[in-house]
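Right, one structure below, let's go through it.
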Amino acid sequence: KENKISNFDYKEYNTSIKHLPILTVDGEVLNAMSGGGLLVNGELVGVQSAGANNKVHYTPGFQVIEFINE
């Protein structure tokens, strides 16, 4: 199932823990979409990590790559 917000612009915030960035998009939260990508202008910029109350949260792509490489 395609996430209808996968191509929308995002806002970037810092988390309260370690002040890491998180990307947030306004839109429908779909169950079982964790791990889905956030595409902006055809480029993958984040991976869905959470969502509630019409806010979908994505981990920035660079953080995922850093985690894998560690």
Side-chain angles (χ1 to χ4, degrees):
K1 185 173 183 181
E2 182 178 346
N3 189 333
K4 295 175 185 169
I5 63 165
S6 64
N7 289 296
F8 284 13
D9 290 327
Y10 60 89
K11 297 174 186 136
E12 185 172 324
Y13 299 94
N14 285 333
T15 63
S16 57
I17 301 171
K18 297 185 181 181
H19 302 286
L20 296 171
I22 191 80
L23 311 177
T24 302
V25 191
D26 294 328
E28 180 185 7
V29 177
L30 300 174
N31 292 329
M33 286 300 294
S34 292
L38 172 63
L39 302 174
V40 177
N41 296 325
E43 290 189 35
L44 180 67
V45 297
V47 176
Q48 186 173 332
S49 56
N53 301 320
N54 292 321
K55 298 273 186 204
V56 184
H57 307 289
Y58 294 83
T59 301
F62 78 88
Q63 282 182 288
V64 175
I65 291 169
E66 285 177 6
F67 177 78
I68 290 170
N69 288 333
E70 287 181 2

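Within a 6.0 Å sphere centred on CG of Asn53, other residues, nucleotides and ligands contribute 12 heavy atoms or fewer.
Closest heavy-atom contact between Pro60 and Pro21: CD-O, 3.4 Å. Minimum heavy-atom separation, Ser34 to Ser49: OG-O, 4.1 Å. Nearest approach of Asp26 to Lys55, heavy atoms of both residues: OD1-NZ, 2.5 Å. Contact detail for Ile22 and Tyr58: the closest heavy-atom pair is CD1-O, 3.2 Å.
When hydrophobic clusters are built by joining Ile, Leu, Val, Met, Phe, Trp and Tyr residues whose side-chain heavy atoms come closer than 4.5 Å, directly or via intermediates, Val25 is not grouped with Val47.
To the nearest 0.5 Å, the span separating CG on Leu23 from NE2 on His57 amounts to 11.0 Å.
Between Phe67 and Gln63 the shortest side-chain heavy-atom distance does not fall below 4.5 Å.
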